[in-house]
Protein chains: 2
Amino acid sequence: MVIHYKDKTFFTGKDLALSIIGGRWKISIIWCFIQQSPLRLSEIQKKLPDVNQRMLIRQLRELEDDKIITRFVYPVVPPKVEYQLSEIGRLLEPVVTSICDWGDNFSDLLEKNDNKTSVD
Amino acid sequence: MVIHYKDKTFFTGKDLALSIIGGRWKISIIWCFIQQSPLRLSEIQKKLPDVNQRMLIRQLRELEDDKIITRFVYPVVPPKVEYQLSEIGRLLEPVVTSICDWGDNFSDLLEKNDNKTSVD
DNA sequence: TACAATACTGACATTTTTGTCACTAAAGAC
DNA sequence: GTCTTTAGTGACAAAAATGTCAGTATTGTA
């Protein structure tokens, strides 16, 4: 199987997937949408205070380009733009939840080992 | 919940997880181990020809530091070193498979749309 | 005419990640 | 002493990702 996408060639769905969701903040952004949808830019900013606006917008554009999220502009003043997951975007939920689950497992393990080696 | 790990602070297991498996080749490396284990460096290189050796070793070191994989050196000449997933590393399987599954879905979608819009 | 609030964009700096090249280590065989 | 093979390391270059800052667009209201 060979996949051509945006001038690049991928030999597995996995590699294609990684190229799409591999961005620094992509999974975190998608996680926001799984919790609440739709979301305005300003709302995502509140949920992800560590991401600066410029970066956030860039990642949103990429996700939009890849059809993971949709963007809807309301013709009002002040401007209002709503983002939400597309159908294929919503299918990323198992990816995000499995990452969360593993992270929780890993952090439990850290705690256990910390207690084991702690000195008082 | 606050997690301190390697001089950094994480507020969710997800963020901790992303910091550990977020490296450029980490998921691909873990995927190799899910397919076959243990693996020698030279074997991983064959499976991931796009990763140069220096990079591969660096990613392996990071995974080892994070206790995702173990490294066993056989005291022989020429040197023989075997890597394999640790217990917590093996728990990454659902993460990897969900990414693969989603990628396959996405690539199916691409194909469908290509056919729809193709001209002959 | 100036101001408001939201959602941007452009140019550039900085940081991080990745890649390259040349080199080392190990110890038995010759 | 030199060669072999596998698995590395160090120093540096290049590229990519990310961050910063200042600025634009919109149009109803004061």
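Bear in mind that the values here come from a model prediction, so they are computed numbers and not experimental data. Quick note on labels: first sequence line is chain A, next is B, and so on, each numbered from 1.
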Separation of C:dT18 P from B:Asp50 CG (nearest whole Å):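 Those two atoms, CG and P, are 13 Å apart.
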
Bend angle of the helix from C:dT1-D:dA30 to C:dC30-D:dG1 from five-pair axes at both ends, rounded to 10°?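 That helix has its two terminal axes inclined by roughly 40°.
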
State, with a plain yes or no, whether a side-chain heavy atom of B:Ile68 is found less than 4.5 Å away from one of B:Lys26.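 Answer no - side chains too far apart.
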
How many angstroms lie between atom [atom1] of [X] and atom [atom2] of [Y], to the nearest 0.5 angstrom?
X: A:Lys47; Y: A:Trp31; atom1: NZ; atom2: CH2; answer: 6.5 Å
X: A:Ile30; Y: A:Ile27; atom1: CD1; atom2: CD1; answer: 5.0 Å
X: B:Gln53; Y: B:Arg58; atom1: CD; atom2: CZ; answer: 11.5 Å

Give me the first and last nucleotide of DNA chain D, going 5' to 3', that has any atom under 4.0 Å from a heavy atom of chain A.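 Listed 5' to 3', the contact boundaries are D:dT18 to D:dT27.
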
Taking only residues two or more places apart in sequence or in another chain, which ones pass salt bridge (Lys or Arg N to Asp or Glu O under 4.0 Å) with A:Lys6?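 A:Lys6 satisfies salt bridge (Lys or Arg N to Asp or Glu O under 4.0 Å) with A:Asp66 once adjacent residues are dropped.
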
Test of understanding: with salt bridge (Lys or Arg N to Asp or Glu O under 4.0 Å), list the residues that count as partners of A:Arg54, not counting sequence neighbours.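 Counting only residues at least two positions away or on another chain, A:Arg54 forms no salt bridge (Lys or Arg N to Asp or Glu O under 4.0 Å).
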
Given that A:Arg58 and B:Val51 both sit by DNA chain C, which one's nearest nucleotide is further toward the 5' end?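 Taking each residue's closest nucleotide, the earlier one in sequence belongs to A:Arg58.
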
Looking at residues 13-25 of chain B, who's got a heavy atom less than 4.0 Å off DNA chain C?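 The stretch gives B:Arg24, B:Trp25 as the residues lying under 4.0 Å from the strand, ordered by number.
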
What residues form a side-chain contact (heavy atoms from CB on, under 4.5 Å) with B:Leu60, not counting sequence neighbours?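 Per chain and number, B:Leu60 pairs via side-chain contact (heavy atoms from CB on, under 4.5 Å) with B:Ile29, B:Phe33, B:Leu41, B:Ile44, B:Leu56, B:Ile69, B:Tyr83.
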
Interface residues of residues 30-39 of chain A with DNA chain D (non-hydrogen, below 4.0 angstrom):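 None - not one residue of the stretch has a heavy atom sitting under 4.0 Å from the strand.
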
Show the atom names and distances, to 0.1 Å, of all donor-acceptor pairs under 3.5 Å that link a side chain in residues 87-101 of chain B to residues at least two apart or in another chain.
{"unit_1": "B:Thr97", "atom_1": "OG1", "unit_2": "B:Glu93", "atom_2": "O", "d": "3.0"}
{"unit_1": "B:Thr97", "atom_1": "OG1", "unit_2": "B:Pro94", "atom_2": "O", "d": "3.2"}
{"unit_1": "B:Ser98", "atom_1": "OG", "unit_2": "A:Ser98", "atom_2": "OG", "d": "3.3"}
{"unit_1": "B:Ser98", "atom_1": "OG", "unit_2": "B:Pro94", "atom_2": "O", "d": "3.1"}
{"unit_1": "B:Ser98", "atom_1": "OG", "unit_2": "B:Val95", "atom_2": "O", "d": "2.9"}

Regarding A:Glu43 and A:Lys46, does a basic nitrogen lie under 4.0 Å from an acidic carboxylate oxygen?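 No, A:Glu43 and A:Lys46 are not salt-bridged.
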
Candidate pair B:Leu109 and A:Lys67, rule side chain to side chain contact (heavy atoms under 4.5 Å, CB included), full reasoning: CA-CA 11 Å; B:Leu109 200 70; A:Lys67 310 265 190 295; over 6 Å; no

With sequence neighbours excluded, tell me which residues meet ring-ring contact (aromatic ring centres under 6.0 Å, His included) with B:Trp102.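 Partners of B:Trp102 under the ring-ring contact (aromatic ring centres under 6.0 Å, His included) test: B:Phe106.
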
Over all atoms of both residues, closest heavy-atom pair of B:Leu85 and B:Ser37: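 In terms of heavy atoms, the two residues are closest at N-OG, 4.3 Å.
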
For the residue pair A:Arg24 and A:Gln59, what are the closest heavy atoms and their distance?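 Result for this residue pair: N-OE1, 3.8 Å.
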
Can you give each donor-acceptor pair under 3.5 Å made by side-chain atoms of residues 10-21 of chain B, sequence neighbours left out, with the distance rounded to 0.1 Å?
{"unit_1": "B:Thr12", "atom_1": "OG1", "unit_2": "B:Asp15", "atom_2": "N", "d": "3.1"}
{"unit_1": "B:Thr12", "atom_1": "OG1", "unit_2": "B:Asp15", "atom_2": "OD2", "d": "3.0"}
{"unit_1": "B:Ser19", "atom_1": "OG", "unit_2": "B:Leu16", "atom_2": "O", "d": "2.8"}

Between the protein and nucleotides 3-9 of chain C, list every N/O to N/O distance that falls short of 3.5 Å.
{"unit_1": "C:dT6", "atom_1": "O3'", "unit_2": "A:Arg40", "atom_2": "NH2", "d": "3.0"}
{"unit_1": "C:dT6", "atom_1": "O3'", "unit_2": "A:Pro79", "atom_2": "O", "d": "3.2"}
{"unit_1": "C:dA7", "atom_1": "OP1", "unit_2": "A:Arg40", "atom_2": "NE", "d": "2.9"}
{"unit_1": "C:dA7", "atom_1": "OP1", "unit_2": "A:Arg40", "atom_2": "NH2", "d": "3.2"}
{"unit_1": "C:dA7", "atom_1": "OP2", "unit_2": "A:Ser42", "atom_2": "N", "d": "3.2"}
{"unit_1": "C:dA7", "atom_1": "OP2", "unit_2": "A:Ser42", "atom_2": "OG", "d": "3.1"}
{"unit_1": "C:dC8", "atom_1": "OP1", "unit_2": "A:Arg61", "atom_2": "NH2", "d": "3.1"}
{"unit_1": "C:dC8", "atom_1": "OP1", "unit_2": "A:Arg71", "atom_2": "NE", "d": "3.1"}
{"unit_1": "C:dC8", "atom_1": "OP1", "unit_2": "A:Arg71", "atom_2": "NH2", "d": "2.3"}
{"unit_1": "C:dC8", "atom_1": "OP2", "unit_2": "A:Tyr83", "atom_2": "OH", "d": "2.4"}
{"unit_1": "C:dC8", "atom_1": "N4", "unit_2": "A:Gln53", "atom_2": "OE1", "d": "3.1"}

Please tabulate, for side-chain N and O atoms in residues 74-82 of chain B, each donor-acceptor pair with protein atoms closer than 3.5 Å (sequence neighbours left out).
{"unit_1": "B:Tyr74", "atom_1": "OH", "unit_2": "B:Glu82", "atom_2": "OE1", "d": "2.9"}

